[in-house]
Amino acid sequence: MNDRIVLTYHVSPEDFTRAGEASSDVKNKLKQMGVSPSAVRKVAIAMYEGEINMVIHANGGDITVEITPEKIVMILKDVGPGIADVEKAMQEGYSTAPDHVRSLGFGAGMGLPNMKNYTDDIQIDTKLGVGTTVTMTINL
Amino acid sequence: MTVRDILELLDGEILLGEENLDTEVHTACGSDMMSDVLAFVKDQSVLLTGLCNPQVIRTAEMMDIVCIVFVRGKKPEAGAISLAEGRDLAILTTNYSLFEACGRLYEKGLTGGAKIE
């Protein structure tokens, strides 16, 4: 593996059916690099939840994934509405997603809790009306 | 239990992945909420669901799920099926309801594999 690899993605807000494309690409690339299957799965799930959140809540955004031999850092940045109450949003079952999102299989209030559970560190930097940056780290 | 066993137990039809019929299945989950599916990592798992959009396939992909069963005779959108092509994944459909399909597999010894603490 090279010392440092950086992947960048733009998450389109328009098409829910395409949500997950970035996570899928990262998963395939990590597999090819020989990263352990359990770490690959953690990255894939955490990033996928984040990607879905970006599409549902934030009108899309940009994702940067930084891979080094020690860790994988995912930075998900959007200019959406921001999270009003981060503590509440981290609780399992709490969701502000509209009903139509639930009919698509999401909005169960498990997104951020799942992201926290599958990563070694999660930092949420959010400001109402400005946007949210979620930084997730998985140690290798 | 293998994918083939599931196909027979559920009187199912295989929509994709006939080459994966002999794949071993160790655990199962049944849900229409994908985030609930994503909450518990399981190995060699089958997902039973009534949800038919491409995010079911994406969820299966992220979780390394080996088989998806669409219940109540549902068939996924064309876009969803094409997303699953070329992956180590079998896609089945059954006329049984989610409850009935899960029950039939559980009765034969397939469990959830994850306990809520």
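Basis for what follows: all heavy atoms, side chains included, without hydrogens, waters or symmetry-related copies. Quick caveat: nothing in here was measured; it's all calculated off a predicted structure.
- Counting heavy-atom pairs closer than 4.5 Å to chain B, the top residue among A:Met47, A:Glu49, A:Lys42, A:Arg41 is A:Arg41.
- A donor and an acceptor atom, one from each side chain of A:Asp121 and A:Gln123, are located under 3.5 Å apart.
- Residue A:Phe16 touches chain B through both its backbone and its side chain, counting heavy-atom pairs closer than 4.5 Å.
- In this structure, B:Leu83 and B:Arg58 have side chains that are in contact, with non-hydrogen atoms separated by less than 4.5 Å.
- In terms of heavy-atom pairs under 4.5 angstrom with chain B, the leader among A:Gly107, A:Ser103, A:Pro37, A:Ala108 is A:Ala108.
- When each of B:Leu38, B:Leu51, B:Thr59, B:Asn53 is checked for heavy-atom pairs under 4.5 Å with chain A, B:Leu38 comes out on top.
- There is no contact between A:Ser38 and chain B, counting heavy-atom distances below 4.5 Å.
- At a threshold of 4.0 Å, the pair A:Arg18-A:Glu21 counts as salt-bridged, since one of the basic side-chain nitrogens sits closer than that to a carboxylate oxygen.
- When heavy atoms are compared at a cutoff of 4.5 Å, A:Glu92 does not approach chain B at all.
- Under a hydrophobic clustering in which Ile, Leu, Val, Met, Phe, Trp and Tyr are joined whenever their side-chain heavy atoms come within less than 4.5 Å, directly or via other members, B:Met63 and B:Val46 fall into different clusters.
- Checked for salt-bridge contact, A:Glu66 and A:Lys71 miss the test: no charged N lies under 4.0 Å from a carboxylate O.
- At a 4.5 Å heavy-atom cutoff, the contact between A:Asn114 and chain B is made by side-chain atoms alone.
- More than 12 heavy atoms of other residues, nucleotides or ligands sit less than 6.0 Å from atom CZ of A:Arg102.
- With respect to chain B, the highest number of heavy-atom pairs below 4.5 Å among A:Asn117, A:Val43, A:Val40, A:Leu104 belongs to A:Leu104.
- In this structure, the portion of A:Tyr48 lying under 4.5 Å from any heavy atom of chain B is its side chain and not its backbone.
- The closest donor-acceptor contact from the side chain of A:Asp78 to the backbone of A:Met54 lies at 3.5 Å or more, if one exists at all.
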